[in-house]
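Structure first, then comments.
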2 protein chains.
Amino acid sequence: MIMKALKRGETLETGDGRGIPGPDVTKGERTRVRILDEAAALASEGGIGAVTLGPLADRLGMSKSGLFAHFKSKEALQVEVLVRAAERFTEVVIEPIREEKDKAKRLGLFFNNWLGWIEHPSLGSGRGGCPILSAHFEFDDVPGPVREQAANHNAQLYALMRRLVYVALPQADEKAMVAAIDGLALSHLLRFRLMRDPAARKDTMHAFEALMKNPPLKVA
Amino acid sequence: MIMKALKRGETLETGDGRGIPGPDVTKGERTRVRILDEAAALASEGGIGAVTLGPLADRLGMSKSGLFAHFKSKEALQVEVLVRAAERFTEVVIEPIREEKDKAKRLGLFFNNWLGWIEHPSLGSGRGGCPILSAHFEFDDVPGPVREQAANHNAQLYALMRRLVYVALPQADEKAMVAAIDGLALSHLLRFRLMRDPAARKDTMHAFEALMKNPPLKVA
DNA sequence: TAATAAAACGAACGGTCGTGCTATTAATCG
DNA sequence: CGATTAATAGCACGACCGTTCGTTTTATTA
């Protein structure tokens, strides 16, 4: 397999959305990504609040100070972890639905991908839950840049969902519908992770299908 | 107003569910309740993880060690905070619905009370959100007694909701219905607290009414 | 390869955390 | 009241936190 040499700053797209940094990317850039991925895995298990420098450095086999030098503060690191997780979310949950040519079917596909992400977020070695949703509840009342980033990501997600709803069910009230769908995803997270209910997915899908069949309608 | 003297261990029911400890209750018992209430207020603002001995002692105007002496460990304190919050939840959200004699209407009443609690949980001086739901997402992947307590409380809540659903809509699939209702409450929390959407309640109620009109049905 | 810049390290800092002790004060009861 | 017990304070500890700094190692480039 012949490939042209990568110049600095280029990345080899691998299709899984992760990308392999080219050899001429500065070393700092490479470890920076390593740090963010491992931090996301950590956040996946114990929430953003669990992203702490000591344990993170241990996992990466490097020193606290060496790690810290990549970021201006711990808060900045936490924000970047959320950004990175949001990128992965886009790649795993959102991007793939564009392959469905029947646009009306995209909403169902999106919801399905989302449930998959909630059950198994593709974040490094983490076997835990989605750090984005955790952050939403962890920081919903804590002012600061983390809260802003969380709210910002959620706003984008809501906007996307409203568009998907409008295309799939033009007669439905978009905002009420988004509330219902978002809610089903959140409740699924609880029943799957906290309650460990083996029937969680079945129940979620049953409710979702009923919702699609009889959505809240626009008010006249 | 004449009242009989309270014996030790008795509490004067005030109707607001809080109760005034009788004068013969040991002082330790009284401050213990004070601690739990203030801790719940703290948890309300920054999650259970924010219930930390130093700041809590400051708020109460007492020493860290004096406070700590009331509990075997910080973890035990956190669990008791959740228990206390769950008690208040029962008093504020669940108990009042028994006054509705038309049992079919109780589900709607419950949901309404729940939204009120989510917007303004009656927990001491805290102006933040519901510490129970925060704990669900904060500890859904963190093993330990806090997680167990959270899961336990949620299980009871789900059981109650299933019963309410069965009475109100016998033809509905209880578990799917619970998923949808639970989800609407969770999503409401996000739209109300994180997004600060002034229309949150309207959208939530719209979706809820559509759900009541066309619930997911039992499978044959 | 030598010169230069980037990255990682090790040690230390002030601070806060949870948790033991011992002494002291306050509540309770005979 | 005085005697006894419960409640609180004061203090110290070891661990970990985020952060800084000066040094050393490793990449990069000329």
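Values below: all heavy atoms of this structure, side chains included; hydrogens, waters and symmetry mates excluded. Throughout, a chain's letter reflects where its sequence line sits, starting with A, and its residues are numbered from 1.
Atom-to-atom, CZ of A:R34 to C1' of C:dA8 comes out at 12 Å; the value is rounded to the nearest Å. Note: CD (B:E29) to P (C:dA27) measures 16 Å, nearest angstrom. Between the C1' atom of C:dG20 and the CZ atom of B:F71 lies a distance of 17 Å, rounded to the nearest Å. Here C:dC21 presents its P atom at 11 Å from CZ of B:F68, a figure rounded to the nearest Å. Computed from coordinates, the B:L56 CG to C:dG18 C1' distance equals 13 Å when rounded to whole Å. A:L60 places its CG atom 15 Å from the C1' atom of C:dC9, with the value rounded to the nearest Å. Rounded to whole Å, atom P of D:dG18 lies 10 Å from atom CG of A:L67.
Ring planes of A:F89 and A:H153: perpendicular class, angle over 60° (limits at 30 and 60°).
Nucleic acid contact for B:A69: base, since at least one base atom lies under 4.0 Å from a heavy atom of the residue.
In this structure, the side-chain contact (heavy atoms from CB on, under 4.5 Å) partners of A:H206, at least two apart in sequence or on a different chain, are B:D173, B:A176, B:P216, B:V219.
Residue pairs meeting the salt bridge (charged side-chain N to carboxylate O under 4.0 Å, His left out) criterion with at least one partner in residues 192-207 of chain A, sequence neighbours excluded, are A:E119-A:R201, A:R193-B:D141, A:D197-B:K175, A:D203-B:K175.
Using a distance-only test at 3.5 Å, with no hydrogens or angles considered, a donor-acceptor pair links the side chain of A:R32 to the main chain of A:H70.
Taken to the nearest 0.5 Å, the CG atom of A:D182 stands 8.0 Å off from the CG atom of A:L133.
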Would you give a per-nucleotide map of nucleotides 11-17 of chain C, 5' to 3', where B means the base has a protein non-hydrogen atom under 4.0 Å away, S means only the sugar-phosphate does, and - means neither? ------S

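A sub-4.0 Å separation between OP1 or OP2 of C:dG18 and a side-chain N or O of B:S73 is absent. The shortest distance between the side-chain N/O atoms of B:R30 and the OP1/OP2 oxygens of C:dT28 is below 4.0 Å. At least one side-chain nitrogen or oxygen of A:T26 sits closer than 4.0 Å to the OP1 or OP2 atom of C:dA7.
Which of D:dT8, C:dC9, C:dA7 sits closest to the side chain of A:M62 comes down to C:dC9. In this structure, of D:dT8, C:dC9, D:dT19, it is D:dT8 that holds the atom nearest to the side chain of B:H70.
Between the side chains of B:R191 and B:S187, at least one donor-acceptor pair of N or O atoms lies under 3.5 Å.
Counting all heavy atoms, side chain and backbone alike, A:I48 lies closest to A:A135 at CG1-CB, 4.0 Å.
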